[in-house]
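Just so you know, ligand 1 is whichever comes first in the structure, and atom 1 is the first atom listed for that ligand.
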Amino acid sequence: MPSYQDQILTPYDIKHLKLKNRLAVAPMTRVSATVDGLATSEMAQYYERFAKGGFGLIFSEGLYTDQKHSQGYPFQPGISEVRQAGAWRPVIERIHAQRSVIFAQVMHAGALSQGNRFVDTALAPSDVRPKGSQMKFYYGHGPYRVPQVMSDESIADAINGFVSASELALNVAGFDGLEIHGANGYLLDQFLTDYSNQRTDKWGGDVSARIGLTLEVIKAVKAAVGGKAPVGVRISQGKVNDFEHKWPEREGAAEVIFGSLDQAGIDFIHVTEYEAWKPAFEGCSETLVELANRYAPNATIIANGGLHVSEHAAEVVRSGADIISIGKSALANPDLPNRLKSQTPLADFDGSILNPIANIKDCELALGY
Ligand SMILES: Cc1cc2nc3c(=O)[nH]c(=O)nc-3n(C[C@H](O)[C@H](O)[C@H](O)COP(=O)(O)O)c2cc1C
């Protein structure tokens with residue numbers, strides 16, 4: 001039986017796209033774009049390091065999709081117009097030069113929007129103030145605003161935003177694939193979550209209704225760009241403003257969520273948990289990865305959460321993950337795949353790099369290759 005190192009460093013085909021290995025950089029917002037959401041040469045340098053360091057796949061940070069309510073943070077990059085899409089081209093060229101690929105993560109912040117240069121209101125399924133406080137390291141302070149309830153028209157606008165952002169990402173920027181952000185407490189996850197979605201129309205109710213907007217976005221995006229590149233979705237239980245959240249319907253929710261994503265023809269599901277190798281629910285033996293694998297047998301499963309530790313990653317691969325994505329440890333080790341190959345120990349992640357603001361720091365760029 002091959003070791004985890006051997007297994008994870010082998011090529012993998014995601015749809016028709018060839019990855020040189022199964023190690024991915026997780027999406028990480030670094031609020032380092034220009035004020036009008038353009039990727040910069042500093043960002044190109046930052047992303048290129050992961051490709052030079054051996055990662056087969058890189059996820060972009062969450063890119064806002066429209067010029068209305070989707071932007072979450074000041075200095076967040078967008079993919080809402082040709083100019084923003086074009087700014088990614090030099091980043092992508094540098095990644096391709098290393099035989100690595102990059103997927104765009106398209107996101108709508110919904111109620112968690114704490115910095116938007118187009119509007120000063122936030123939209124959400126229901127007028128429920130998000131738990132917790134705005135994130136200081138993304139220039140936020142104090143409680144989140146109470147969002148406005150989305151109308152049918154604003155829901156249609158949000159869907160159209162995902163579609164046009166996806167077209168720009170593939171056709172203008174040249175990204176190799178798309179990840180629809182359905183996790184971590186942002187708009188689509190607000191629709192999925194019982195307490196933030198109190199709607200009584202077709203978008204609210206049981207879990208099969210609450211996953212409806214995510215499915216609708218997938219359908220619309222696939223109709224526009226499907227077949228051209230892999231289209232996937234990110235799914236989590238926890239949220240940036242509610243780490244401990246668990247789906248109240250437990251395995252029943254997993255069956256509906258992963259089963260309907262599979263039926264929708266999703267190419268990959270990127271499952272993120274705080275500690276991905278642990279059981280998904282108290283008193284349950286299976287991880288979320290195992291449940292995703294069981295109920296979405298046709299999708300590639302990407303696992304995330306504390307998986308820089310090889311023993312944990314090996315466990316998750318054994319239980320059905322096809323690709324492992326690494327967040328914080330990739331910031332400390334942009335060459336993590338090369339280190340794995342040469343059996344060089346990993347550097348510890350130092351959280352102070354994200355303080356006081358989570359922007360890209362010169363000392364990170366100095367970890368060049
Ligand atoms: C600075 C930072 C920014 C992040 N931004 C995003 C993001 O834009 N989109 C997203 O889906 N997850 C985001 N995440 C979550 C990571 O993708 C990942 O799920 C998390 O760090 C756990 O993985 P790890 O244990 O390997 O770090 C972010 C995490 C960090 C540390």
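- Applying the side-chain hydrogen bond (donor to acceptor under 3.5 Å, both in side chains) definition to pairs two or more places apart or across chains, those involving residues 204-216 are Asp206-Ser208, Arg210-Glu249.
- For Trp203, there are no ring-ring contact (aromatic ring centres under 6.0 Å, His included) partners, not counting sequence neighbours.
- His270 is linked by a ring-ring contact (aromatic ring centres under 6.0 Å, His included) to Phe59, counting only residues two or more places apart in sequence or in another chain.
- A donor-acceptor contact closer than 3.5 angstrom is absent between the side chains of Gln134 and Tyr139.
- Figure legend: cation-pi geometry between Lys131 and Tyr195, with NZ or CZ positioned under 6.0 Å from the six-membered ring centre and within 45° of its axis.
- Using modelled atom types, one finds a donor on one side chain and an acceptor on the other under 3.5 Å when comparing Tyr12 with Thr300.
- Within 4.0 Å of ligand 1, protein heavy atoms come from Ala26, Pro27, Met28, Thr29, Gly62, Gln105, Tyr138, His181, Asn184, Arg234, Thr272, Asn304, Gly305, Gly306, Ile326, Gly327, Lys328, Leu354.
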